[in-house]
Amino acid sequence: MADRYEAASFEAKWRARWKEADLFKTREETGRPKFYGMDFFPYPSGAGLSVGHCRNYVPTDVLCRMKVMQGYNVLHPMGFDAFGLPAENEAIKRKTHPAPMIDQYSATYRRQMDLIGVSFDWSRSFKSCEPSYYKWTQWIFGLLFKRGLAYQKMASVNWDPVDKTVLADEEIVAGRAERSGALVEKKWIPQWFFRITEYAQQLIDDLDTVDWPEGIKTQQRNWIGRSEGVQFTMQVSDSSTPKSHDLEAATPVRKALAFDVFTTRIDTIYGVTFAVLAPEHQLIEEIAKFVGAEHVTAIRAYQEQAKSISEVDRTSDTREKTGVFTGAYAVNPATKNPVPIWIADYVMATYGTGAIMAVPAGDQRDLEFAIKFGIDVIPIQQPPLEFFAQFPVAAEDPQAALARYLEDPKEFPTAYISKDAPLINSGSQNGRSVPEAQESLGLWVETLGIGERKIQYRLRDWLISRQRYWGCPIPIIHTKDDELQLVPANQLPVELPEVDNYEPSGDGTSPLALIGDFVNVTDLDGRLGRRETDTMGGFACSSWYFLRFCDPDNFEAAWSKEATDYWMPVDCYVGGAEHAVMHLLYARFWMKVLFDAGLVSVREPFARLQNQGQVLGLTPYRKPAEGETLGQGEDGILITPAEAAEMPPEDVIFRWSRMSKSKGNVVTPEEAVESFGADALRLQLLFVAPFTADVQWKNDGMSAQVRFLSRVFKLVDELKAEFEPAWERILGFEELDDNARKVRRYTHQTIRKVTEDIDRFAFNTYVSSMMILVNNVNDVLKSSTQRSRALQLSLSEMVESLVLLLSPAAPHSADELWEMLGQGGFTWNAEWPRFDAALAAEDMVTIAVQVNGKLRDTLMLAVGAANEEHESAARALPKIQGYLDGMTVRKTIIVPGKLVNFVVG
RNA sequence: GCCCAGGUGGUGGAACGGUAGACACAGAGGACUUAAAAUCCUUUGCCUUUACGGGCGUGCGGGUUCGAAUCCCGCCCUGGGCACCA
């Protein structure tokens, strides 16, 4: 039956033909524009793809297919992110080796992607764990190393006791490992880093040059965390005896003992009443040498405590400030007053200088600390009276409260921070505005030579080493003398040895360290050396794969510049928002390094980025039985759909959550294709919601698409007998009757809408505009018993255009319909329909007629009617006359082709 | 706490500052059928009216405008991100 959509009867046939014809092989013909469309590099999990993953691949496929038909050379590749923890953990669990496991899983992925008709060029595919790929990952590591951007140092790192490896900052969420969920511990071991901080400013600046969702850009800017401020040196003094305003006779200073602090509010320096060092700060050792024994004991105890406390506890928002006084004092350079030096863990060792000048009057954290430990607070700005409304004790008499505040602010537990209030108690800066004082004090610090204005970033260097087997080996040899030698390019790749046992040891070294053949090497000078046994985290592999796709079979180099110059940047990159600060930041960083090395010609890898919404599956839970405990944040116990079906409905709670195997809420593409068809699945994925929105997936949505496709089949079936392939040549000579005119108008309006919608990722309205076309044409057909030649030709144009417009979304059906029309070959090779504005234009428009902005009637006018015509026609409407009767028209607003609005009074 | 996104019928969602609810789903009624499925047609924001019509409506409260779902200000709620970053 050719008058309905019966997926089983033709979809597999077309997939076989596409494969036979090698249809999706990347075209690289001269004289065509290029388009590089790509999805995020997936890790092939054993669970296979769900329809949720398809929501990523189908829209990109639609865009790429349209670009092919529009004549572009299109690069639309797919590969697999195979190295890394998830693969290794899975392999350990299954007591197998990751390599064959990954081969099997990626084959499943490929089969599923093919099943839904995604037009990947598989001839360019690779896995990041193949030596022919990671050879070049190592080569890029070498490039970074030679440029001083890869280095090893001892570091206190995030140690995941479950996965037995260190993790990057980006992989830690609220003190827990994002992947394993384990509480992260501190460990002090040698680690490899990439100096991404070197590129902090460029990574911020170049965000302005890419077309990405603003939310992702903002997240990256926040993550990089640029702050402008002043860094200056505070001298350590011997005693707390103040206090001379005479520079020469200032507080005696301990020679050469000093520390740097960074502040964004140098204007508040007169309010500094203490200084705080992070517990790990190096100066503490020096201080311990001269302060009393009782201080040393307290310091040591506090440092121990700080080391052992977990990240979660340390940052808990209910936690009170803790700290100890060191017994030493520093000198406030503005007042020359001595201020006590404290140690507290609310100051991070890893940000800024690991030490701060504390201004309790102007900083909530400093204030809490000062109140708890009885340190002076000097007000540096005068709060307005409204400020005191928040304090019950002060609300009745704010004037008196202000007086008390100026005397001693400690009574009021909220710091007063303002960018507008002028300064007080600030010596020469009194009465100045914040910006004025910042300017003048910044200059003062620089003139005095104790510091400088500085930009500080929150971003830290990228921790790349992992103490795990399944990763790209770091191509470094440690010589006897503890020198680091880079393995020369001609000796790459450093291949991962085949081993039986690769489970992590947990002692902070990689299992590779136990493999003598791997570890023991001769160094470049022929002496005995030791191979680096850490591997690179998976994000290294995914930081350049888009370059390899440009030139995947190159054995001489990672890529030829010619190839990347042609294809890069990726014109449209599609994937989930969860990679906002990891992959997307790392890849940008590598690209900039490669640009600086002259290896690529663009600074940004991804010109445009689109994030699809998640697909949620209905997940059944049951109410907990008596005595059962619930997991954190859960209000029920997860059950299988089968269990749910057997329970009384009132005992089952349904929740929408992201499709995952463990939740048992996955719908696979196989199921969907089997029950409804690949094209029905594709259309529903596009239609169900805007691309960026989350979707609550219900299978029966696909039956609506089956109906729609069936209407298309029926329409084509009805029209195929009178289809005239040469319509374009003949149609120009025909006089168009009303129906023919209408059909052409609908056709061209749809061509315009579809083309625009696909380009702007509005796939839901793309599908609905095709539905509208079909509905409208069916109406015309119903009303015309006799079809004129002009109408037949217009319908030929319509039906051909419809099939081609449908092709990106429902390629199997489009090719089947194309064949029904007697057209040879594939819609893939056909030209995208051309839009004609004159044909799309309406000749009559509906004008809204309003009185005082309220819609009262409508009228029809010819397009291009004069304003006077609008007004007179509107006034002539009986309903409108009723509203205007006895009123004065004060104003008439006319928007030609849209509306007339009478303002009456 | 800070930052981002979003709140529109029974549901998913449309809508360059200009006729709110396109397109679908679900519901109701009907045609075809011995019957059902499938398909097709009509109808469906809420209130009011026999009807014509009228009123109210895009989270809440203000504002700008001839005109606001859309722009501005202040809130509330939901989702996501960051979180003692000086």
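Keep in mind that the numbers below use all heavy atoms, side chains included, and drop hydrogens, waters and symmetry copies. Note on naming: letters A, B, ... go to the chains in the order of the sequence lines (proteins, then strands), and numbering restarts at 1 for each one.
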Inset, instruction - Between B:G7 and B:G12, how far apart are the C1' atoms? Round to whole Å, please. - result: 15 Å
Legend entry - Distance in angstrom units between A:Asp694 CG and B:C4 P, rounded: 20 Å
Inset, instruction - Establish, yes or no, whether the cationic atom of A:Arg588 lies under 6.0 Å from the six-membered ring centre of A:Trp223 and within 45° of the ring axis. - result: no
Inset, instruction - Starting at atom CZ of A:Arg890, determine the distance to atom P of B:U65, rounded to an integer number of angstrom. - result: 16 Å
Legend entry - Separation of atom CG in A:Asn222 from atom P in B:C4, rounded to whole Å: 8 Å
Inset, instruction - Would you please confirm or rule out a distance under 4.0 Å between OP1 or OP2 of B:G13 and any side-chain N or O of A:Thr765? - result: no
Inset, instruction - Find the distance A:Gln456:CD to B:C84:P and express it as a whole number of Å. - result: 16 Å
Legend entry - d(CZ, A:Phe691; P, B:G12) in whole Å: 20 Å
Inset, instruction - Determine whether the side chains of A:Thr264 and A:Ser227 contain a donor N or O and an acceptor N or O closer than 3.5 Å. - result: no
Legend entry - C1' atoms of B:C60 and B:G54, separation to the nearest Å: 27 Å
Legend entry - Complementary nucleotide of B:C2, counting Watson-Crick and G-U pairs under 3.5 Å: B:G81
Inset, instruction - Provide the distance between the two P atoms, one in B:A24 and one in B:A69, to the nearest whole Å. - result: 26 Å
Legend entry - Between P of B:A5 and CD of A:Glu214, the distance in whole Å: 8 Å
Legend entry - Neighbour count >12 (heavy atoms, 6.0 Å) for atom NZ, A:Lys372: yes
Inset, instruction - Return the nucleotide paired to B:G29: Watson-Crick means purine N1 to pyrimidine N3 with N6-O4 or O6-N4, wobble means G-U with N1-O2 and O6-N3, both under 3.5 Å. - result: B:C41
Legend entry - Pairing nucleotide - B:U65, Watson-Crick or G-U, each distance under 3.5 Å: none
Legend entry - Anti or syn - B:G57, cut at 90° from 0: anti
Inset, instruction - Send over the distance from A:Arg4 CZ to B:A37 C1', rounded to a whole Å. - result: 11 Å
Inset, instruction - Look at the side chain of A:Lys698 and the base of B:C25, then say whether one donor and one acceptor between them are separated by less than 3.5 Å. - result: no
Legend entry - Pairing partner (Watson-Crick or G-U wobble, both distances under 3.5 angstrom) of B:A14: none
